[in-house]
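Data first, discussion second: the structure below is written as structure tokens.
Nothing here was measured: the structure is a model prediction, and the numbers come from that model. A, B, ... follow the sequence lines: proteins, then strands. Residue 1 opens every chain.
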Protein chains: 2
Amino acid sequence: MDEPAVIWDRPEPTRRPAPSPLSRESIVQAAIRLADAEGLEAVSVRKVAAELDAGPMRLYGYLSTKDDLLDLMVDAAYGEIPLPEATGQDWRTTLRELGHGIRQVALRHEWFADLLGRRPHLGPQALAYLEASLAALDRADEFATIDEVSRAIRTLHAYLIGALRTEVAERRAERSTGLDKDSWRRKAAPYLTRALSSGNYPTVANFVHNATRQTPDTAFDTGLNHLLAGITPPKPN
Amino acid sequence: MDEPAVIWDRPEPTRRPAPSPLSRESIVQAAIRLADAEGLEAVSVRKVAAELDAGPMRLYGYLSTKDDLLDLMVDAAYGEIPLPEATGQDWRTTLRELGHGIRQVALRHEWFADLLGRRPHLGPQALAYLEASLAALDRADEFATIDEVSRAIRTLHAYLIGALRTEVAERRAERSTGLDKDSWRRKAAPYLTRALSSGNYPTVANFVHNATRQTPDTAFDTGLNHLLAGITPPKPN
DNA sequence: TACTGTGTCGATACACTGTATCGAACGATA
DNA sequence: TATCGTTCGATACAGTGTATCGACACAGTA
């Protein structure tokens, strides 16, 4: 705490090395790399900055808050969804493609599912995705008014958010219990089997024991088809 | 750092006061009170413990991790959903009641929406809710196999999770921009109007300007009805 | 009554978080 | 060359979840 005595004790007045140039883009990509590798909770301002050989506060020239970073990550992820060009193809086909597109992103970047539905998605890429969804229905004859269109898309997106979140949650649970099946068997399984054999949840028990398990892919597709059927407007006559 | 000199300096050997009895129940309720009042991010082990006149580490006798606490909160919230008794009423009616029930909980405890879909919900109350959902369809004639039943319920839950999360997210956004409309007008609005008038998102722009806004209640109901229509099995003939 | 486990409590500590502050160093301008 | 405005990042602050472990209260024993 005393001031350094002799010159040799004093640190050389850190000539700042030409700082590697930064950009919102590079920051977001570093954050995404981190999130992919170690999960969303590993994304801290310090670690992202370190990845870029910068001090933590440097980032605050490009972002005003950590939430900004998360918003940018989300929008970047939306950008990875391939948007079908506006051909005259059936709207169902287009929406199915979009749905599978967003699912692929969520499986590739599980943190994306964590952020889905956390805040309104208003970034340019999210808007482009929304545009593609709305336009597909807007072109379709079955949908008379724009209100019908917007309600259908709202419903579809709600389903997608929920489906992707639960799928990722289940996948994580399976993965972690697969990693050490011992602790799973000791902890969760006894509780669950006790609960299920308690007689309090007969239908659940029946379902757990007798339902045929779908693969995640077909499960998602089944739900998506349910949904597309549901948002189809009733025939006028 | 030196040892205290005289007796009056030394703190009286803290006769531990009869510790107010704790329980998982009371801890969870304290956490819920906090989350209701100040949001989920205000729920910290320290604050919850303080609410109960206890040291932070005391809680770890009842929980093994903070995630446990969140899981317990979620299950307690599920417990607030009124479960319709198993009358012979139409399954649509039952599912609608359950849907509105879970929505009421999410609106009463917005943190519940934050936690929806984060992890598989396996607590007793969540199982009871699931049981009620499955049972409603199991009783219905239209659903032939348990597979059909489980897929329908999966889809419904996915929709509910997504719908409630987005509704809460929108409500929060509106609330915060309503609180200081100035910062909203200065920040988000310019970007959005620019984006919408850029011509890149024609359908979105049309939708924003011309769609008639539903109240949140009817919007939720509309989606729910879409969904119930979608999961209805096709007539056999 | 004295002593010795036994188990619980919580103070302290550790490593980490997001971000406000502000002196110092730089490049550009006068 | 002197000055200015900008940008950087070291330091600091208030908080986080939780591991550790000494100190205490009580139960059972001698």
Side-chain angles (χ1 to χ4, degrees), chain A residues 1-4 7 9-24 26-28 30-31 34-35 37-73 111 114-115 118-119, chain B residues 1-4 7 9-24 26-28 30-31 34-35 37-73 111 114-115 118-119:
Chain A
M1 313 319 175
D2 283 305
E3 37 182 2
I7 182 78
D9 267 5
R10 251 176 289 160
E12 190 163 16
T14 74
R15 317 214 142 269
R16 119 177 31 184
S20 60
L22 245 56
S23 67
R24 221 158 276 198
S26 61
I27 293 172
V28 171
L34 248 168
E38 310 182 42
L40 190 57
E41 75 284 358
V43 175
S44 79
V45 175
R46 281 168 172 78
K47 288 197 199 131
V48 173
E51 193 98 342
L52 300 162
D53 289 317
M57 297 312 290
R58 182 111 178 266
L59 304 195
Y60 283 88
Y62 303 83
L63 319 161
S64 57
T65 211
K66 192 195 173 182
D67 273 349
D68 280 3
L69 178 56
L70 299 182
D71 286 347
L72 290 173
M73 291 171 68
W111 49 266
D114 296 327
L115 297 175
R118 204 187 60 113
R119 301 228 246 164
Chain B
M1 313 314 177
D2 284 305
E3 40 181 359
I7 182 85
D9 268 4
R10 249 174 292 161
E12 190 164 16
T14 75
R15 318 215 141 270
R16 123 180 26 192
S20 60
L22 246 55
S23 67
R24 220 157 279 198
S26 61
I27 292 173
V28 171
L34 249 168
E38 311 183 40
L40 189 57
E41 77 283 1
V43 175
S44 78
V45 176
R46 282 167 172 79
K47 288 197 199 131
V48 173
E51 193 98 341
L52 299 163
D53 290 315
M57 295 314 289
R58 182 109 179 267
L59 304 194
Y60 284 87
Y62 302 84
L63 320 161
S64 58
T65 211
K66 191 195 173 181
D67 273 349
D68 279 3
L69 177 57
L70 298 182
D71 286 347
L72 290 173
M73 290 171 68
W111 50 265
D114 297 327
L115 298 174
R118 206 186 58 114
R119 302 227 247 164

Strand contacts (DNA chain D) in residues 64-72 of chain B, 4.0 angstrom heavy-atom criterion
B:Thr65, B:Lys66
Quick one: is C:dT17 close enough that its OP1 or OP2 comes under 4.0 Å of any side-chain N or O from A:Lys47?
yes
Stepwise, does the side-chain contact (heavy atoms from CB on, under 4.5 Å) test hold for A:Val45 with A:Met57?
CA-CA 8 Å; A:Val45 175; A:Met57 297 312 290; over 6 Å; no
For A:Val43, report the nucleic acid contact type (base, sugar-phosphate, nothing); a contact means any heavy atom under 4.0 Å.
sugar-phosphate
Hey, is B:Asp53 close enough to B:Arg58 for a salt bridge, meaning N to O under 4.0 Å?
no
Let me know the distance between CG of A:Leu52 and P of D:dG9, rounded to the nearest Å.
11 Å
Over how many whole Å does the gap from A:Leu63 atom CG to C:dA20 atom C1' extend?
16 Å
Calculate the interatomic distance between B:Glu41 atom CD and D:dG15 atom P; express it in whole Å.
14 Å
Measure the spacing between CG of A:Asp67 and CE of A:Met73 and express it to the nearest 0.5 Å.
12.0 Å
Basic-acidic side-chain contact under 4.0 Å: A:Arg118, B:Asp114
no
Check if the side chain of B:Arg46 and the base of D:dG15 share a donor-acceptor pair of N or O atoms closer than 3.5 Å.
no
For DNA chain D, just give me the dot-bracket, please: Watson-Crick or G-U, both distances below 3.5 Å, ( ) intra-strand, [ ] crossing earlier pairs, | paired with another strand, . unpaired.
||||||||||||||||||||||||||||||
Is there a donor-acceptor pair under 3.5 Å between the side chain of A:Thr65 and the backbone N or O of A:Asp68?
no
Rounded interatomic separation in angstrom, taking CG from A:Leu59 and P from D:dT7:
15 Å
Is A:Val43 close to A:Glu38 at the side-chain level, that is, under 4.5 Å between some pair of heavy atoms?
no
Can you check the A:Arg58 CZ to D:dA10 C1' distance for me, whole Å?
15 Å
Would you please name every residue forming a salt bridge (Lys or Arg N to Asp or Glu O under 4.0 Å) with B:Glu51, sequence neighbours left out?
B:Arg33
Could you give the distance from CG (B:Leu52) to NZ (B:Lys47), rounded to the nearest 0.5 Å?
14.5 Å
Checking D:dC8, C:dG18, D:dT16 against the side chain of A:Tyr60 (C-beta onward), the nearest is C:dG18
Counting side-chain heavy atoms from C-beta on, which of D:dG9, D:dT16, C:dA11 comes nearest to B:Met57?
C:dA11
Whole-Å distance, B:Tyr62 OH to C:dG7 P, equals 16 Å
Does the side chain of A:Leu72 come within less than 4.5 Å of A:Leu63's, by heavy atoms?
yes
